[in-house]
Each structure stands twice: as structure tokens, then as C-alpha cells.
Amino acid sequence: MTATAQDENPPFLYVVVCAAGIAADVGRLITAAQRREWHVGVIATPVAMNGFFDTAAVEAQTGRPIRSAWRRPGEPRPFPDPDAVVVAPATFNTVNKWAAGIADTLALATLSETAGLGVPIGVLPCVSDALAGHPAYQESLIRLRGMGVRFGYPHDGTEGAEFGWERVLDLVE
């Protein structure tokens, strides 16, 4: 995405990271987004912050702190409003809670709010075939698609299989 001459601020992308093993490679998504001239802020689920990716490397790459908890009243907003949001990897738990309207983490609250504002959202699920076949998950996909959320081809978490980080950017551009 390229900012026009009328834009004073470059486009800003929220990257929501969930707790899946593939999250260790989220730097690839950030690099791809930055090549496309996005500025990036990362929001991670609390479990993802617990060793699923290199938080120091991601903060160095984005030049911004990773958000995982709500800010206190009076604290400045660390990120501008998003022009788009991507969720990669998106887990079974996050997809189902989001579709149900549960906003018990900053990541879920952000997803719920940005969907309500009509911000483009792209999702790359990382869900096993067994969980993907669960009726609640299938219903969640239908509900989120009905809200305008765009989904890329799911990844089943198989080690060595390509995740396709850049595909999620194609969903929001």
C-alpha cells in the first residue's frame, strides 16, 4: 500500500499475533509489510507473549513496543488508528472468541472494535484439521466472514509447511 500525496501519515497496519508455533516467524510478515510501505504495530495475545516469538526482535524491527495489555487512563496511545489489521497466525481459540464477541484480551478487543469500524481485516488461520472441523469453528468463520473479515487459506500447523505470510497482506490491500 502506498500513501498518496494527500496523506500526511503513512498507512498503519496492526499485526495481531496469536500463540501458535509458526508465530516464531512473524518477522517475515513485518518485513513484507514494511516493503509494501506499511508502518507496523504488533498486538499479541498474552499467551503469545510467553515465548512464541522473539519480542525483542519484533520491537526492534517495528521500532514500537508490542502491545498485549490495555493502557492505563491518561497514558498516550502507542499506535495510531489502523488502516488495516492482519491476524497471523490466528488460532482456534482467538477465532471462536472473536466471533462470539468475547473481548477479554487487548487483541480480541482490538479485533472486535476494528471490525465494527469497517477497518479491513485479513486472517491467516493456523488450526489443525481436527479443530478446523469443529462445528463451533465453522460457525465462527461464517459469522466473521459475514462481518467482512477476509480469510486466507488455513495452515494446519504441520512443521515445515509454508505459512505464506505475505498472503494476509494481499487480503487487506
For the student: nearest non-hydrogen atoms of Val127 and Thr91, plus distance = CG2-C, 4.0 Å
From the list Asp83, Val86, Ile30, side chain to side chain contact (heavy atoms under 4.5 Å, CB included) partner of Trp38 resolves to Asp83
Is there a donor-acceptor contact under 3.5 Å from the side chain of Arg150 to the main chain of Gly122?
-> no
Charged tip of Arg145 within 45° of Phe151 ring normal and under 6.0 Å | yes
Do Leu144 and Leu117 share a hydrophobic cluster (ILVMFWY, side-chain heavy atoms under 4.5 Å, transitive)?
-> yes
Exceeds 12 heavy-atom contacts within 6.0 angstrom, atom CG of Asn50 = no
Flag yes if more than 12 heavy atoms outside Arg143 fall under 6.0 Å of its CZ atom; otherwise flag no.
-> no
Can you hop from Ile102 to Ile43 via hydrophobic side chains spaced under 4.5 Å?
-> no
So does Arg36 pair up with Glu173, basic N to acidic O under 4.0 Å?
-> yes
Are Glu75 and Arg67 close enough for a salt bridge, meaning some N to O gap below 4.0 Å?
-> no
Tightest non-hydrogen contact, residues Thr45 and Ala107, listed as CG2-CB, 4.0 Å
Relative to each other, are the rings of Phe12 and Phe79 parallel, tilted or perpendicular (30° and 60° limits)?
-> tilted
Distance col, row Glu139:CD vs Asn96:CG, nearest 0.5 angstrom, shows 9.0 Å
Distance-minimising heavy-atom pair for Leu29 and Ala88 = CD2-CB, 4.0 Å
Rounded to the nearest 0.5 Å, how far does CH2 of Trp98 lie from OG of Ser112?
-> 8.0 Å
How are the rings of Phe163 and His155 set relative to one another: parallel (under 30°), tilted (30 to 60°) or perpendicular (over 60°)?
-> perpendicular
What distance separates Cys18 SG from Leu124 CG, expressed to the nearest 0.5 Å?
-> 11.0 Å
